[in-house]
Chemist: 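Encoded as C-alpha cells, here's the structure I'll be asking about.
For this chain, numbers begin at 1 and follow the sequence in order. Any value given below was found using the heavy atoms of this structure, including those in side chains, with hydrogens, waters and symmetry copies removed.
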Amino acid sequence: MARGTPDTSPHYWRKTSQLMMTVLVLWFFISFGIPLASNFLNGFVLLGIPLGYFLTAFGTLVGFVILIFWYAHRQNRVDEDLHVAED
C-alpha cells in the first residue's frame, strides 16, 4: 500500500474512530434519550401536540437525517485533510 492510504495510517484510523464514537453517542442519545424523556416533555405543548410525542415521532427522524449528513461531511473533511479522499 502507498503511504497515506487509510490502511496504513494510524492517524487516519484514530480520527475516523473518534468520529465514529461521536456519531454512536449522538445516535444513542437520539434513539434512547429523547424517547425516555418524552413523559417529561409531554408537559409542554407545541402547535397543539405534546412536545414529547412530537420529538419522539418527528424529531428523532430529523435528527437521524441530520446526523447522517453531518457524519458524511466530517468524514469527507477527515479524508481531505489526510489526503486519502477519492476524486
Chemist: Report all side-chain donor-acceptor pairs from residues 50-71 shorter than 3.5 Å, counting only partners two or more places apart or in another chain.
Modeler:
unit_1	atom_1	unit_2	atom_2	d
Thr56	OG1	Gly52	O	2.8
Thr60	OG1	Thr56	O	2.7

Chemist: Which distance, rounded to the nearest 0.5 Å, do you find between the NE2 of His11 and the OG1 of Thr16?
Modeler: 9.5 Å
Chemist: Indicate, with yes or no, if Leu19 and Leu26 share a hydrophobic cluster defined by side-chain heavy-atom contacts under 4.5 Å among Ile, Leu, Val, Met, Phe, Trp and Tyr.
Modeler: yes
Chemist: Tell me every residue that passes ring-ring contact (aromatic ring centres under 6.0 Å, His included) with Phe32, counting only those two or more places apart in sequence or in another chain.
Modeler: Phe28
Chemist: Is it the case that the side chains of Ser17 and Trp13 hold a donor-acceptor pair, with the cut-off being a distance below 3.5 Å and no angle test?
Modeler: no
Chemist: Quick check: is Val45 connected to Leu41 through a chain of hydrophobic side chains (ILVMFWY, heavy atoms under 4.5 Å apart)?
Modeler: no
Chemist: Is there a path of hydrophobic side-chain contacts, each under 4.5 Å between heavy atoms of I/L/V/M/F/W/Y residues, joining Phe29 to Phe40?
Modeler: yes
Chemist: Answer with yes or no whether the side chains of Glu80 and Asn76 bring together a donor and an acceptor at under 3.5 Å.
Modeler: no
Chemist: Check whether any side-chain heavy atom of Gln18 lies under 4.5 Å from a side-chain heavy atom of Lys15, and answer yes or no.
Modeler: yes
Chemist: Decide whether Leu46 and Ile34 are clustered together by the hydrophobic rule: side chain heavy atoms of Ile, Leu, Val, Met, Phe, Trp, Tyr closer than 4.5 Å, transitively.
Modeler: yes
